[in-house]
Amino acid sequence: MEALHEWNLTPKQAVALQADLAKRLESTDRIDPVEHIAGVDIGFEEEGAITRAAVVVLKWELAAVPSLTVVEQAVHREPTRMPYIPGLLSFREVPAALGAFAKLSVKPELVMVDGQGIAHPRRLGVAAHLGLWLDLPTIGIAKSRLYGKHPEVGEARGDWVPLTAGGDVIGAVLRSRAKVKPVVVSPGHRLSLDTSLTWVMRCLGRTKLPEPTHLADRLASRRGTQGQQRLYKG
DNA sequence: GCGACAG
DNA sequence: ATCTTGTCGC
């Protein structure tokens with residue numbers, strides 16, 4: 001438990017901690033009725049010297065027309081603590097993400113993160129690590145693959161193939177938009193892959209990334225949020 | 001030893 | 001991740 005509070009570690013120590021923390025991940029669904037979904041992403045300012053974490057909370061409503069509406073946003077900036085090292089991304093981004101979460105007044109039941117969940121060499125991508133810390137269900141949605149192999153995926157929206165590693169299914173490569181480069185979806189904490197895929201597809205709008213992550217991405221990079229606040233689904 | 005390598 | 005304009009397509 002105390003280990004979870006450690007962030008300033010050498011790469012070797014971080015790798016050892018990841019293997020240990022991964023044992024605590026829950027791969028079956030343990031999620032409350034979803035009313036709010038948060039999207040998280042990290043950006044940088046000052047040529048990388050400042051890490052900027054952004055979180056956007058959306059209200060999920062299943063009416064005649066399912067909808068997602070932005071209800072809160074938070075940004076947290078802090079000095080960048082370490083360089084990007086493949087496989088150790090969470091040690092660079094999670095601390096800042098926690099700073100942004102601390103500013104929220106609404107507690108989401110589900111969190112979508114830009115990056116991998118368990119589709120990681122030691123099964124602890126940034127979404128998984130953040131899920132353990134927040135003790136909330138998390139899903140990783142990455143724009144590219146870090147680990148695992150997979151056959152080619154179909155070109156239609158919704159097509160997907162399993163991402164595997166050492167005989168385990170660690171995620172899915174999903175074509176979230178027709179003919180556009182697929183995203184890598186992997187559960188983080190407290191969710192199965194099936195449930196993760198279901199939620200990602202439910203949150204898809206017109207962009208390749210699900211709305212929570214898409215909006216957080218824009219907020220993190222200061223490109224702002226364009227257009228309306230109500231995003232109709234269906 | 002030689003690649004691969006989230007953001 | 002970030003540096004950056006226009007442009008092709010639904």
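Bear in mind that the values here come from a model prediction, so they are computed numbers and not experimental data. Here is how names work: the chains are called A, B, and so on, in the same order as the sequence lines, proteins then strands, and each is numbered from 1.
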Euclidean distance, A:Leu204 CG relative to A:Arg202 CZ, rounded to 0.5 Å: 12.0 Å
A:His150 NE2 to A:Ile170 CD1 distance, which is reported to the nearest 0.5 Å: 10.0 Å
For DNA chain B, the residues among residues 135-143 of chain A that have a non-hydrogen atom under 4.0 Å from it: A:Ala142, A:Lys143
Parallel, tilted or perpendicular: rings of A:Phe91 and A:Trp7 (30°, 60°): perpendicular
Spacing of CD belonging to A:Glu211 relative to OG belonging to A:Ser67, to within rounding of 0.5 Å: 11.5 Å
Strand-adjacent residues in residues 40-51 of chain A, judged by heavy atoms under 4.0 Å from DNA chain C: A:Gly43, A:Phe44
Sequence neighbours excluded - salt bridge (Lys or Arg N to Asp or Glu O under 4.0 Å) pairs with any residue from residues 100-119 of chain A: A:Asp114-A:Lys143
Pairing residues for A:Asp168 by the side chain to side chain donor-acceptor pair (under 3.5 Å) criterion, not counting sequence neighbours: none
Set of side chain to side chain donor-acceptor pair (under 3.5 Å) partners for A:Thr28, sequence neighbours left out: none
Nucleotide interval of DNA chain B bounded by contacts with chain A (heavy-atom cut-off, under 4.0 Å): B:dA4 to B:dG7
Side-chain heavy-atom pair A:Asp41, A:Thr213 within 4.5 angstrom cut-off: no
Structure string for DNA chain B in dot-bracket form, Watson-Crick and G-U at under 3.5 Å, | interchain: .......
Interface residues of residues 85-98 of chain A with DNA chain B (non-hydrogen, below 4.0 angstrom): A:Pro86, A:Gly87, A:Leu88, A:Leu89, A:Arg92, A:Glu93
Side-chain donor or acceptor of A:Thr80 paired with backbone N/O of A:Met82 under 3.5 Å: no
Pick out the pairs of N or O atoms, protein on one side and nucleotides 8-10 of chain C on the other, that lie under 3.5 Å.
none

A:Leu98: which of A:Val40, A:Leu134, A:Val55 passes side-chain contact (heavy atoms from CB on, under 4.5 Å): A:Leu134
Step-by-step side-chain contact (heavy atoms from CB on, under 4.5 Å) determination, A:Leu110 to A:Trp199: CA-CA 9 Å; A:Leu110 172 63; A:Trp199 276 110; 3.6 Å; yes
N/O donor-acceptor pair under 3.5 Å between A:Ser221 side chain and A:Gly43 backbone: no
Side-chain touch A:Leu104/A:Glu72, heavy atoms, less than 4.5 angstrom: yes
Watson-Crick and G-U pairing of DNA chain C written in dot-bracket, each distance under 3.5 angstrom, with | for inter-strand partners: ..........
Only pairs under 3.5 Å count here: list side-chain donor-acceptor contacts from residues 175-190 of chain A, not counting sequence neighbours, and write none if there are none.
from, atom 1, to, atom 2, distance (Å)
A:Arg175, NE, A:Gly154, O, 2.8
A:Arg175, NH1, A:Val180, O, 2.9
A:Arg175, NH2, A:Val153, O, 3.0
A:Arg175, NH2, A:Gly154, O, 3.2
A:Ser176, OG, A:Lys208, O, 2.5
A:Arg177, NE, A:Arg206, O, 3.1
A:Arg177, NH1, A:Arg206, O, 3.3
A:Ser186, OG, A:Gly117, N, 2.6
A:His189, ND1, A:Glu26, N, 3.2
A:Arg190, NE, A:Arg30, O, 2.8
A:Arg190, NH1, A:Asp135, O, 2.7
A:Arg190, NH1, A:Asp135, OD1, 3.2
A:Arg190, NH2, A:Arg30, O, 2.9

A:Thr195 and A:Thr198: CA distance, side-chain angles, deciding distance, side chain to side chain donor-acceptor pair (under 3.5 Å) verdict: CA-CA 5 Å; A:Thr195 301; A:Thr198 294; 5.8 Å; no
Separation of A:Leu25 CG from A:Thr138 OG1 (nearest 0.5 Å): 8.0 Å
Sugar-phosphate, base or nothing in reach of A:Val184, heavy atoms under 4.0 Å: nothing
Side chain to side chain donor-acceptor pair (under 3.5 Å) involving A:His76 - partner list, sequence neighbours excluded: A:Glu78
Donor-acceptor contact below 3.5 Å, side chain A:Arg52 vs main chain A:Phe44: no
Pairwise distance CG(A:Asp159) to CD(A:Glu152) - rounded to 0.5 angstrom: 12.5 Å
Flag, side chain of A:Glu35 to backbone of A:Glu61, donor-acceptor distance under 3.5 Å: no
